[in-house]
Amino acid sequence: MAVTRINIGPVHPSTHGVLRLVADIDGDTVVDVQPHIGFLHRGVEKLVETRMFMQNPPYMEKLDYVSPMSYDEVYVAAVEAAMGVEVKERAQYIRVILLELQRIASHLLWIGTMCNDIGQMFTAFMWGFQDRDMVLNLLEEAAGGRMFYVNMRIGGMVRDLPPDFADHALGLMDYMEKRVKEYERYLERNPVFMERMKGVGVLSYDDAKNLGVTGPVLRASGVNFDARKNKAYYVYQKLHFSTQVQMAGDNLARYKVRMMEIRESIRLVREAIKALPDGDALGMPVKLILPAAKNRISIVSRELPRGECIMYLVADAQKPYRLSIRSPSFINLAALNFLAKGQRTADMFGIMGTLDLVMGCVDK
Amino acid sequence: MKIERELLKEKLAEMKKAGFDYLEKITAVDYSDHLDVIYLLENIEDGKEEIVEVTMPADDAWVPSVMKLFLAADWYEREMSEMFGINIVGRNAERLLLEKWDGKQPPLRKSFQWGMPYEEGAK
């Protein structure tokens, strides 16, 4: 049969952004698929070079608008490393709590959009958004914003946690634990869901490493790597959690890794709230002119909800000379062609769903 | 570690055999008079990281492609060649991000001129 070339996009509702795919299909089998990216390219890496250090966090947040606080944190950590500033202990705990809440929110949104991709229309989507909204309420209490937060400062936070935050967070974690079970009962007993997930888009251990995929996609292929463990930062080494690894490497494994990560995040939030030390958590006040950066080059690596993000910062005294961002979605999308080859056209979207792409993060 | 670009492929192949088999990122920095290309490699089993740097004059920017060693290099090389005007020798690194851009002014070079109307850039 002749190979047909079809154009998909440039808009797809579940990609959290604008993506165009040009796919060659033979009957219903994908022969080749080329992603065309760049519709959301804003030149962030160039923009930050023209601004002082602390003018940049809002740009960072717009890279990944599903987990903005995580990106904000990586950038601030890179600046801290350049300036040689230690983060206060209480602020470290607060950051861990908020980042894990952000991870839960991001994964909940992912469940919804991924289920849309594989035809489990709208029930999971509504559930995911409803629960994510509760997490956002909590983040709003702590940071003052629902979508974008900009609540990191050099050496600490903008403000301390509000007094009743701990009660609210622990209450929500109990609720979330029940909900995760409900999600699993609802999805994993659904034969349509299981058939679309199991054995589809298999990525082997060696291929995963060779393709450089990261985050849950890497761990679902049996690679035991989590930057929170392997390149421990903040107080993660004092807290108890385990790296979630699955061996199968298919869609279902990627789903399972993320579901288990929600559980681990719940555990981390609870433990961090219990261990939260007293003291000061506030960072340096917002000023354009900060103490000059001591280190010319700093490399900071963080585990974001989508995978490992690395920022390579070459610092001038007061502003970035060059900021190179290794965005996790970028390299995960690069693996799409490899994964989708030989699969059915409809499964290509399921695979794309389990890669958890945010196009702002891909295009930069 | 700093290395000559002629020896890059052999060195990376050696390191891959020694366990650094996960390519995290290829990126470049423009220091006006010279360019640095940086390869971040990771040994996943024991979490060690290695940085390989290649320095080159700004007006003679090329590096050999390492795509045969690491598939991950594919998009990073394309991105780098587009953003810094670095030639990737040994493969066809077509454009990735900026469509309808003439590529005469690589955007992340320090010599990039701001405020040029889009039409002039796209000619």
Side-chain angles (χ1 to χ4, degrees), chain A residues 10 20 34-43 45-47 49-50 205-214 218-219 223-227 229-232 296-297 299 301 307-314 321-328 330-338 362-364, chain B residues 16 19-32 35-51 53 66-80 82-84 94-101 105-110 112-115 121:
Chain A
R20 175 178 165 226
Q34 290 302 330
H36 286 231
I37 62 173
F39 293 93
L40 277 180
H41 181 70
R42 291 144 293 174
E45 290 184 356
K46 188 73 177 172
L47 267 178
E49 288 173 10
T50 64
Y205 180 91
D206 291 332
D207 289 337
K209 278 212 291 199
N210 200 6
L211 283 164
V213 292
T214 178
L218 183 69
R219 290 193 283 280
V223 182
N224 189 345
F225 181 83
D226 186 325
K229 278 258 186 240
N230 301 47
K231 300 178 179 176
R296 180 80 164 136
I297 292 171
I299 303 172
S301 162
E308 190 194 11
C309 174
I310 300 168
M311 287 210 186
Y312 184 96
L313 174 71
V314 184
Y321 180 79
R322 162 98 171 104
L323 179 74
S324 170
I325 304 163
R326 189 251 205 180
S327 48
F330 180 84
I331 196 62
N332 283 350
L333 176 59
L336 177 68
N337 188 12
F338 186 91
V362 173
D363 293 345
K364 290 182 282 206
Chain B
K16 191 182 175 183
F20 290 91
D21 54 357
Y22 183 75
L23 179 73
E24 284 183 316
K25 171 87 184 166
I26 305 174
T27 186
V29 186
D30 180 9
Y31 290 104
S32 296
L35 287 169
D36 273 6
V37 176
I38 292 130
Y39 297 79
L40 290 175
L41 293 166
E42 166 103 23
N43 184 339
I44 279 202
E45 267 74 39
D46 59 11
K48 271 187 201 141
E49 215 172 19
E50 193 73 63
I51 301 158
E53 274 182 44
V66 295
M67 212 183 122
K68 286 204 175 115
L69 287 168
F70 303 98
L71 278 177
D74 182 7
W75 279 34
Y76 290 140
E77 282 176 352
R78 283 163 72 180
E79 187 193 23
M80 189 173 66
E82 182 180 13
M83 291 292 162
F84 283 92
E94 69 267 43
R95 205 154 295 164
L96 187 64
L97 283 165
L98 306 170
E99 291 191 17
K100 293 189 180 170
W101 183 258
Q105 274 215 68
L108 284 182
R109 287 272 186 115
K110 291 286 171 185
F112 180 82
Q113 292 190 357
W114 288 82

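Here the structure is a predicted model, which means the values were calculated and not measured.
Atom NZ of K48(B) has 12 or fewer heavy atoms from other residues, nucleotides or ligands within 6.0 Å.
Looking at K231(A), only its side chain comes within 4.5 Å of chain B, counting heavy atoms on both sides. For chain B, no part of L323(A) is nearby; none of its heavy atoms comes within less than 4.5 Å. Within the 4.5 angstrom heavy-atom criterion, only backbone atoms of L69(B) (N, CA, C, O) approach chain A. Heavy-atom distances place the backbone of D30(B), and not its side chain, under 4.5 Å from chain A. Looking at T214(A), both its backbone and its side chain come within 4.5 Å of chain B, counting heavy atoms on both sides. Only the backbone of A28(B) comes within contact range of chain A, with heavy atoms under 4.5 Å apart.
Among the candidates E49(B), E45(B), K110(B), the residue making the largest number of heavy-atom pairs closer than 4.5 Å to chain A is K110(B). Ranked by heavy-atom pairs under 4.5 Å with chain B, the list N230(A), I310(A), D206(A), V223(A) is led by I310(A).
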| query | Between D46(B) and N43(B), does a side-chain hydrogen bond (donor to acceptor under 3.5 Å, both in side chains) hold up when you go through it step by step? | reply | CA-CA 6 Å; D46(B) 59 11; N43(B) 184 339; 3.3 Å; yes
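The side-chain contact (heavy atoms from CB on, under 4.5 Å) search around L47(A) returns R51(A), Y59(A), not counting sequence neighbours. Remark: R109(B) engages no residue in a salt bridge (charged side-chain N to carboxylate O under 4.0 Å, His left out) (not counting sequence neighbours).
Under 3.5 Å, the side chains of E45(A) and S324(A) contain no donor-acceptor pair of N or O atoms.
Under 4.0 Å is where a charged nitrogen must lie from a carboxylate oxygen, and between K209(A) and D21(B) at least one such pair does.
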